[in-house]
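Structure first, commentary second.
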Amino acid sequence: KAKNNGRGSYAFHTDAMTRQVRRDAALTDRIDQAVRSGELFLHYQPQVELASGRITAVEALVRWRHPVEGILPPGDFVHLAERRGLFHVLGSWVLSTAAREARRWHDQGLAFGRVSINVSPQQVRAGCLADDVLATAEETGLDPARLELELTETAMMEYGEHYRTQIAVLRDLGVRLVLDDFGTGFSSLTYLRRSAVSTLKIDRQFVLELDDNTDAVETVRALLAVAQALDLDTVAEGVETREQAARLAAMGCRCAQGMWFAPPMEANAIERHLREGFIRPE
Ligand code: C2E
Ligand code: MG
Ligand code: MG
Ligand code: MG
C-alpha cells in the first residue's frame with residue numbers, strides 16, 4: 001500500500017524510524033541494569049590454524065538475553081551502551097567474564113590458546129584499558145599473556161600518546177593486540193608499524209567475496225602482502241566454506257575463524273568442543 005503513494009511511503013518510513021528510536025531508547029535505559037542483573041553473556045568462537053586445525057584463540061562475543069526481545073546480538077546494543085557512556089561498565093564486564101571463563105579452561109587443561117576480546121575505541125580513549133587488564137589478571141589469576149585485544153583502526157589511529165602509553169603497558173604484560181576488520185579502514189603501513197599489533201584480522205567482507213570476485217582475490221592478496229611485509233600474523237574472519245578456507249590457506253593466510261570451522265558457542269559448549277579434541281595440544 002505504502003509503495004503506491006508518496007505520502008504513504010514517507011509515513012511508513014518515519015513510523016519505522018520512530019519505532020527504531022523508541023526501541024533504542026528503551027534498550028539504552030536497560031543496559032546498565034542488564035549488566036548488573038546478569039542478562040549479558042558471552043559466546044565464544046574458536047580460531048584455527050589452517051594447516052593443522054589447532055585452535056589458536058577463542059573470541060568472546062557479547063550477547064544480551066533480553067527478557068522480552070530474546071537474545072540480542074552486539075550490533076543491537078553495544079553502540080547504545082557506548083553512546084550512553086556505559087562502555088566502561090560493558091567493557092570491564094566482558095573482560096572479567098572472559099578472563100574468568102578462560103581461567104577455568106586453563107585449570108581444566110584445555111588448550112584454547114588465547115582468549116580474544118573486542119575493545120571499543122572509547123575504552124582506549126578513556127585510558128582505562130591497561131588498568132582494567134591488570135585488575136582482571138589479578139582478580140581472575142589469568143596470565144595476561146593468554147589475552148588478546150581486538151582493536152579497530154579507529155581505536156588505534158586517533159589517540160597518539162594516550163594510546164602508546166597504554167599499549168606499552170599491555171605489551172609488557174604479554175597481551176597481544178589484533179587489528180580487527182582489517183581492510184575496512186585507512187591504516188597506512190606507518191600506522192600499522194607504530195600500532196604494535198601483532199596480528200591482522202581480515203574482514204569477512206573480503207572473505208565472502210572470495211568465491212566469485214577476482215577483485216576480492218587481489219584485495220586479500222594485497223592484505224596478506226601487507227602482513228608479510230610487516231611480519232604480522234594473519235587471521236581471516238567469516239570463513240563459511242571449504243573453498244574459502246582452501247583459498248586462504250593457498251594464499252598464505254595462517255589462521256581462520258568462521259562457521260565452516262565452528263559457530264560462536266556458549267561457554268559450556270565451547271568447553272565441550274575444546275575437550276572433545278578438535279584441537280591438538282600446543
Ligand atoms: P567482529 O569482532 O568482527 O566479530 C565477528 C562477527 O562475525 C561476529 O558477529 C560473529 O558472530 C560473526 N561470524 C562468525 N563467523 C561467521 C561466519 O562464518 N559468517 C558470518 N557472516 N559471520 C560470522 P557478532 O557476534 O554479531 O558481533 C558483531 C560485532 O560486534 C563484532 O564484530 C564486534 O565488533 C562487536 N562486538 C562483539 N562483542 C563485543 C564486545 O564484547 N565488546 C565490543 N566493544 N564489541 C563487541
Ligand atoms: Mg572481533
Ligand atoms: Mg572482526
Ligand atoms: Mg568484522
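Keep in mind that what you see is a predicted model, and the values were worked out from it rather than measured. Both counts, for ligands and for their atoms, begin at 1 and track the order of listing.
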Closest to atom 6 (C) of ligand 1 by heavy-atom distance, out of Met259, Glu59, Arg204, is Arg204
May I ask you to list the atoms of ligand 1 that are less than 4.0 angstrom from any heavy atom of Gly258? 15 (N), 18 (O)
Pick whichever of Asn118, Leu95, Val94 has a heavy atom sitting closest to atom 33 (C) of ligand 1. Asn118
When you measure from the heavy atoms of Gly75 to every atom of ligand 1, does any distance fall below 4.0 Å? no
Using a strict cut-off of 4.0 Å, indicate which atoms of ligand 1 neighbour a heavy atom of Glu240. 17 (C), 18 (O), 19 (N), 20 (C), 21 (N)
A student checking ligand 1 against Glu237 at a 4.0 Å heavy-atom cut-off should list atoms 3 (O)
Is a donor on one side and an acceptor on the other found under 3.5 Å between the side chain of Gln123 and the backbone of Cys128? no
Between Leu179 and Leu232, is there a side-chain heavy-atom distance shorter than 4.5 Å? no
State whether Ser116 contributes an N/O/S atom found under 2.8 Å from the Mg ion (ligand 2). no
Ligand 1 versus Asp180: contacting region, heavy-atom distance under 4.0 Å: side chain
Contact flag Glu150/the Mg ion (ligand 2), N/O/S atoms, threshold under 2.8 Å: yes
Compute the angle centred on the Mg ion (ligand 2) spanning OE2 of Glu59 and OD2 of Asp180, and express it rounded to 10 degrees. 170°
Answer side chain, backbone, both or neither: which part of Gln45 comes under 4.0 Å from ligand 1, heavy atoms only. side chain
Need the ligand 1 atom indices (1-based, order shown) with element for anything under 4.0 Å from a heavy-atom of Val62. 38 (N), 39 (C), 40 (C), 41 (O)
At less than 4.0 angstrom from any non-hydrogen atom of Asp181, what atoms of ligand 1 do you find? 3 (O)
Looking at the Mg ion (ligand 2), is there an N, O or S atom belonging to Glu237 that lies under 2.8 Å away from it? no
Calculate, to the nearest 0.5 Å, the distance between atoms CE and CD belonging to Met251 and Glu218 respectively. 9.0 Å
Taking the hydrophobic residues Ile, Leu, Val, Met, Phe, Trp and Tyr, and joining any pair whose side-chain heavy atoms are under 4.5 Å apart, which ones share a cluster with Phe41? Ile71
Numbered atoms and elements of ligand 1 in range of Ser120, under 4.0 angstrom, heavy atoms: 44 (N)
Drop me the distance from Leu248's CG to Gln244's CD, to the nearest 0.5 angstrom. 7.5 Å
Beyond-backbone contact of Thr136 with Thr140, side-chain heavy atoms, under 4.5 angstrom: yes
Is there a salt bridge (Lys or Arg N to Asp or Glu O under 4.0 Å) between Lys201 and Glu59 once you walk through the steps? CA-CA 12 Å; Lys201 198 169 192 182; Glu59 181 177 12; 2.8 Å; yes
Mind checking whether Leu223 and Leu200 have side chains closer than 4.5 Å, heavy atoms only? no
Honestly, is Arg30 close enough over Phe77, meaning NZ or CZ under 6.0 Å from the six-membered ring centre and within 45° of the axis? no
Heavy atoms only: which of Gly238, Pro264, Pro74 lies closest to atom 24 (P) of ligand 1? Pro74
What's the separation between atom CG in Leu72 and atom CD in Glu39, rounded to the nearest 0.5 Å? 9.5 Å
Phe112 vs His106, test: side-chain contact (heavy atoms from CB on, under 4.5 Å). Steps then yes/no. CA-CA 8 Å; Phe112 61 93; His106 174 81; 4.0 Å; yes
Sub-4.0 Å heavy-atom contact, Arg63 with ligand 1: yes
Atom indices of ligand 1 within 4.0 angstrom of Val239 heavy atoms, with elements: 18 (O)
